[in-house]
Every structure is written in structure tokens, then in C-alpha cells.
Amino acid sequence: MPELPEVETIARALRDGGRDEPSIIGKTVSEARVYWKRTLSEPRVPVFKKRIIGQSIKDVKRRGKFVIMHFHSEYLLFHLRMSGDLKVEANLDEQGHKIPAQKHDRLILEFSDGMRLAFNDTRKFGRAWLVKDPQTILGDLGPEPLDPALTPEVFYKMLTSCSRQMKPLLLDQKFLAGLGNIYADEALHLAKLHPMLNSIDISSEQAKVLLKSIRSVLREGIKRNGASIDWVYRGGDFQNHFQVYQCMGEPCPVCGTPIQRIVIGQRSTHFCPVCQPEPKKS
DNA sequence: CCTGAAACCTGTCTGC
DNA sequence: TGCAGACAGGTTTCAG
């Protein structure tokens with residue numbers, strides 16, 4: 001699931017309630033269960049239980065691709081990686097019996113009101129941290145793309161103060177927090193920049209257009225509640241609006257040229273060879 | 001500093 | 001039907 005718009009969608013549903021799930025704000029943890037040990041990065045399971053049971057949730061936020069749950073004296077952070085999902089569901093059936101964990105549930109927080117929060121993650125790449133200070137985990141993240149403090153001038157400086165291929169650079173969370181493979185490809189296409197263009201060669205005008213493009217595709221993703229692909233479906237429909245991602249061979253919506261797929265930094269990359277011309281070698 | 005490859009995992013799809 | 005291989009929204013670590 002998870003790039004910035006998908007994580008934002010999940011965080012909002014947890015905070016405000018979703019279509020068929022209630023908000024978790026105010027709920028109190030009565031029990032915690034960990035089914036896959038490596039899912040919990042820190043602390044160890046017994047300490048985790050001791051520290052989180054009895055605490056209630058004050059707020060839910062997002063930073064980059066992290067979901068942040070603020071408890072009274074703790075922060076519980078989740079990174080969904082490739083296949084993670086967080087949902088609120090019933091913990092007890094009508095007779096008051098515990099409903100068994102679902103397939104691929106890795107961590108469950110039971111609440112005192114009969115509901116539970118389930119972290120479900122098919123591929124087991126997702127991670128959770130319980131920390132006093134979230135900065136120990138989030139400290140290295142780059143700026144939020146939608147933060148107004150990130151001006152075109154600042155962004156231009158960020159781009160030209162390193163020498164990196166554009167695609168991997170946009171995926172680097174230390175550079176900018178929240179972009180993933182879908183939105184990076186879509187933003188580069190909208191900005192008409194080749195994914196292998198060197199960041200040091202970018203003009204201030206191109207930087208400005210790119211920032212605008214990044215914000216545009218992210219806002220569109222959030223508006224559509226993210227993209228739903230494969231077995232993970234949360235009602236988002238941005239997948240029906242991809243211009244280049246997973247569109248190899250289909251005509252570019254701008255010029256009609258077949259979209260190409262190449263691999264950069266081990267990630268599949270989709271672009272229009274005409275709209276996003278190959279940079280000249282320097 | 002920068003790039004590429006491997007590793008961590010399970011599931012789906014394609015082609016032979 | 002079976003089986004091998006490619007591929008999937010991400011990140012870390014290591015080699016060159």
C-alpha cells in the first residue's frame with residue numbers, strides 16, 4: 001500500500017474513523033499480542049507489553065510514510081513497508097469470545113471496549129517501534145513535500161547540492177519524506193524530467209515545476225484515498241488515474257508515445273521517452 | 001559521495 | 001498441472 005497518500009489515508013481513518021471503522025482516539029490498550037517477532041523493532045515483547053498496556057491513545061499522525069500513535073507517555077510508530085495495513089476491528093464476537101487473528105496479522109493491540117487494532121503485513125517487512133522520543137526514529141527524514149516551508153528556492157538548493165539520479169533521489173527518504181515508486185514516476189512525468197537526469201543539472205525553473213508536480217500528484221492521491229493494488233484494498237482509486245506507472249506500452253496521455261519501463265536502482269521506472277527526453281551526457 | 005546488488009518475506013502471474 | 005522465474009507500493013547494508 002503505502003506511500004504518503006496511502007499512509008495519510010490510513011492515519012486519517014484511525015484518527016477520525018473510516019467507512020466502517022471507528023476512531024481509535026481515546027481507546028485504552030488492555031492486551032498486546034505479537035505474532036512475528038521481527039515486526040516489533042523495539043523494545044522486546046515483555047517490555048512492550050508492560051509499557052503499552054493501560055495506556056490510551058491521544059492522537060494519530062503521519063510523518064513521511066510513518067504512522068505515529070501518541071499515547072500518554074509513549075509513541076508507537078508503524079512503517080508499513082510493502083504490504084502493511086492497520087485496521088480497527090472487533091476483538092470479541094457476540095458471545096464475548098476472542099476472535100482469532102487473521103492470516104498475516106503480525107501485531108494486535110486489544111482495547112478495553114472489545115475492539116482491536118491489527119497490524120496485518122503479508123510480507124513481514126513492516127516494523128513497529130515503541131519509543132519515548134519519536135525523533136530517534138524520524139530524525140533522519142527529509143522535509144514533508146506538502147509543507148509550505150519547503151519553497152522552490154529551498155528545493156532547488158537541495159537538488160543541486162548533490163549529484164544524484166532523479167528517480168533514486170526522490171525515493172530517498174532522507175532527501176524528501178513520503179514519495180515512493182508510484183508517485184515518483186508520476187511526478188517526474190508531470191514535470192517532464194527524465195528519471196536518470198542528474199539533480200545537479202536541474203534548472204531553478206525545473207525545480208519549481210518538479211515541486212509543483214510532486215505536490216499535485218500527492219494531493220490527487222490523497223483526494224482519491226490513495227491507490228489500491230492487488231490484495232490490499234481500502235477503497236482508494238488513484239490506481240485508475242496513473243499516467244505512466246504500470247503503463248508500459250500504453251500511449252502517453254500527453255503525446256501518445258508508448259510508455260517505456262526501465263530499471264533504476266533496482267526499481268521499475270516508467271516514463272515517456274518523448275515528454276521526458278534522455279539527458280545529454282556531461 | 002554515488003551506484004548497484006543483495007537481503008529481508010509472501011503471493012501472484014506468466015510462460016514453458 | 002507443475003514448476004521456474006519475474007515481479008510487487010520499501011528500506012538497510014555492504015561492496016566497489
Side-chain angles (χ1 to χ4, degrees), chain A residues 1-11 35-42 62-67 77-86 102-107 119-129 137-142 158-188 195-201 217-218 220-222 224-249 261-270 279 281-282:
Chain A
M1 284 211 74
E3 296 180 45
L4 188 154
E6 290 74 31
V7 179
E8 179 69 25
T9 300
I10 289 170
Y35 297 93
W36 182 255
K37 229 177 152 189
R38 300 187 63 172
T39 295
L40 185 60
S41 273
E42 68 166 282
R62 176 195 62 75
R63 170 79 169 99
K65 301 176 191 172
F66 288 82
V67 175
L77 310 186
F78 286 96
H79 195 302
L80 279 38
R81 296 280 176 94
M82 294 289 265
S83 58
D85 195 9
L86 285 164
Q102 296 188 27
K103 195 171 185 186
H104 308 311
D105 278 351
R106 308 303 178 196
L107 187 155
F119 179 59
N120 186 281
D121 182 25
T122 305
R123 293 177 68 180
K124 298 177 175 171
F125 289 162
R127 293 290 180 268
W129 301 258
I137 309 298
L138 306 174
D140 287 338
L141 286 180
M158 287 164 55
L159 286 164
T160 52
S161 59
C162 60
S163 177
R164 307 267 304 271
Q165 299 171 327
M166 284 308 300
K167 175 68 185 286
L169 182 58
L170 292 183
L171 294 181
D172 184 347
Q173 303 298 297
K174 295 194 217 37
F175 177 76
L176 195 63
L179 282 187
N181 214 27
I182 296 175
Y183 295 90
D185 279 5
E186 295 295 325
L188 286 171
M196 290 184 91
L197 176 66
N198 192 311
S199 63
I200 209 168
D201 294 328
V217 297
L218 290 177
E220 182 76 2
I222 291 170
R224 299 188 179 282
N225 294 318
S228 310
I229 304 182
D230 298 338
W231 64 92
V232 185
Y233 182 73
R234 288 185 74 89
D237 74 334
F238 187 68
Q239 70 280 8
N240 300 318
H241 300 269
F242 294 161
Q243 305 289 294
V244 290
Y245 184 76
Q246 286 185 344
C247 295
M248 181 172 60
R261 177 187 175 278
I262 58 175
V263 174
I264 308 173
Q266 294 180 304
R267 308 305 301 279
S268 77
T269 299
H270 313 75
K281 282 180 190 169
S282 56

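Each chain gets a letter, A, B and so on, in the order its sequence line appears, and its residues count up from 1. Predicted model, so just to flag it, every value in this text is computed and none were measured.
- What separates CG of A:Asp121 from P of B:dT10 is a distance of 11 Å, to the nearest Å.
- Note: A:Glu6 CD to A:Asn225 CG = 10.0 Å, rounded to the nearest 0.5 Å.
- Look at CZ on A:Arg267: it is 9 Å from C1' on C:dT11, rounded to the nearest Å.
- Under 4.0 angstrom from either OP1 or OP2 of C:dT11 there lies at least one side-chain N or O belonging to A:His79.
- A:Thr39 contributes atom OG1, which lies 10.5 Å from atom CH2 of A:Trp129 (distance to the nearest 0.5 angstrom).
- Residues meeting the side chain to side chain contact (heavy atoms under 4.5 Å, CB included) test with A:Lys103, sequence neighbours left out: none.
- More than 12 non-hydrogen atoms from other residues, nucleotides or ligands lie less than 6.0 angstrom from CG of A:Asn240.
- With sequence neighbours excluded, the residues forming a side chain to side chain contact (heavy atoms under 4.5 Å, CB included) with A:Phe125 are A:Arg81, A:Met82, A:Arg123, listed by chain and number.
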(request) Dump the intermediate steps for side-chain contact (heavy atoms from CB on, under 4.5 Å) on A:Val244 and A:Glu186, then the final yes or no. (result) CA-CA 6 Å; A:Val244 290; A:Glu186 295 295 325; 3.6 Å; yes
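- When the ring pair (Phe, Tyr, Trp, His ring centres under 6.0 Å) test is applied to A:Phe119, the partners found at least two apart in sequence or on another chain are A:Phe78.
- When the C1' atom is compared between C:dT1 and B:dT10, the two are found 22 Å apart, to the nearest whole Å.
- Not one side-chain nitrogen or oxygen of A:Arg261 sits closer than 4.0 Å to the OP1 or OP2 atom of C:dA6.
- Here the CD-CG distance, from A:Gln246 to A:Asn181, works out to 9.0 Å after rounding to the nearest 0.5 Å.
- Put simply, A:Ser83 has no side-chain N or O that comes within less than 4.0 Å of OP1 or OP2 on C:dA8.
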Quick one: which protein N/O atoms are closer than 3.5 Å to N/O atoms of nucleotides 14-16 of chain C? Pair and distance per line, please.
none

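- To the nearest 0.5 Å, atom CG of residue A:Leu179 and atom CG of residue A:Leu218 are 5.5 Å apart.
- Between A:His104 and B:dC9 there is no side-chain N or O to OP1 or OP2 distance below 4.0 Å.
- Of the side-chain N and O atoms in A:Lys103, one or more sit less than 4.0 angstrom from OP1 or OP2 of B:dG11.
- Atom CZ of A:Arg63 sits about 10.0 Å away from atom CG of A:Leu4, to the nearest 0.5 Å.
- Here A:Ile264 pairs with A:Gln165, A:Lys167, A:Pro168, A:Pro195, A:Met196, A:Ile262, A:Thr269 under the side chain to side chain contact (heavy atoms under 4.5 Å, CB included) rule; sequence neighbours left out.
- Looking at residues 167-181 of chain A, you'll see A:Gln173, A:Gly180, A:Asn181 sit with a heavy atom under 4.0 Å from some atom of DNA chain C.
- Residues that satisfy the ring pair (Phe, Tyr, Trp, His ring centres under 6.0 Å) test with A:Tyr245, not counting sequence neighbours, are A:Phe242, A:His270.
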Please list, for nucleotides 5-8 of chain B, all pairs of protein and nucleotide N/O atoms separated by less than 3.5 Å.
from	atom 1	to	atom 2	distance (Å)
B:dA5	N7	A:Gln266	OE1	2.9
B:dA6	N7	A:Gln266	OE1	3.2
B:dA6	N7	A:Gln266	NE2	2.7
B:dA6	N6	A:Gln266	OE1	3.0
B:dC8	O3'	A:Arg38	NH1	3.2

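- Of the side-chain N and O atoms in A:Lys65, none sit less than 4.0 angstrom from OP1 or OP2 of C:dG9.
- Rounded to whole Å, the P atom of B:dC1 lies 24 Å from the corresponding atom of C:dG10.
- Non-hydrogen atoms lying under 4.0 Å from DNA chain C are contributed by A:Tyr245, all within residues 240-248 of chain A.
- Between the A:Arg62 side chain and the A:Gly64 main chain, a donor and an acceptor come within less than 3.5 Å of each other.
- Stem analysis of DNA chain C (at least three stacked-register Watson-Crick or G-U pairs, each with both distances under 3.5 Å) gives B:2-8 with C:10-16, B:10-16 with C:2-8.
- Residues satisfying the salt bridge (charged side-chain N to carboxylate O under 4.0 Å, His left out) test with A:Arg224, not counting sequence neighbours, are A:Glu220, A:Asp237.
- For A:His104, there are no ring pair (Phe, Tyr, Trp, His ring centres under 6.0 Å) partners, not counting sequence neighbours.
- Atom name P, nucleotides C:dG9 and B:dC13: the rounded distance is 15 Å, in whole Å.
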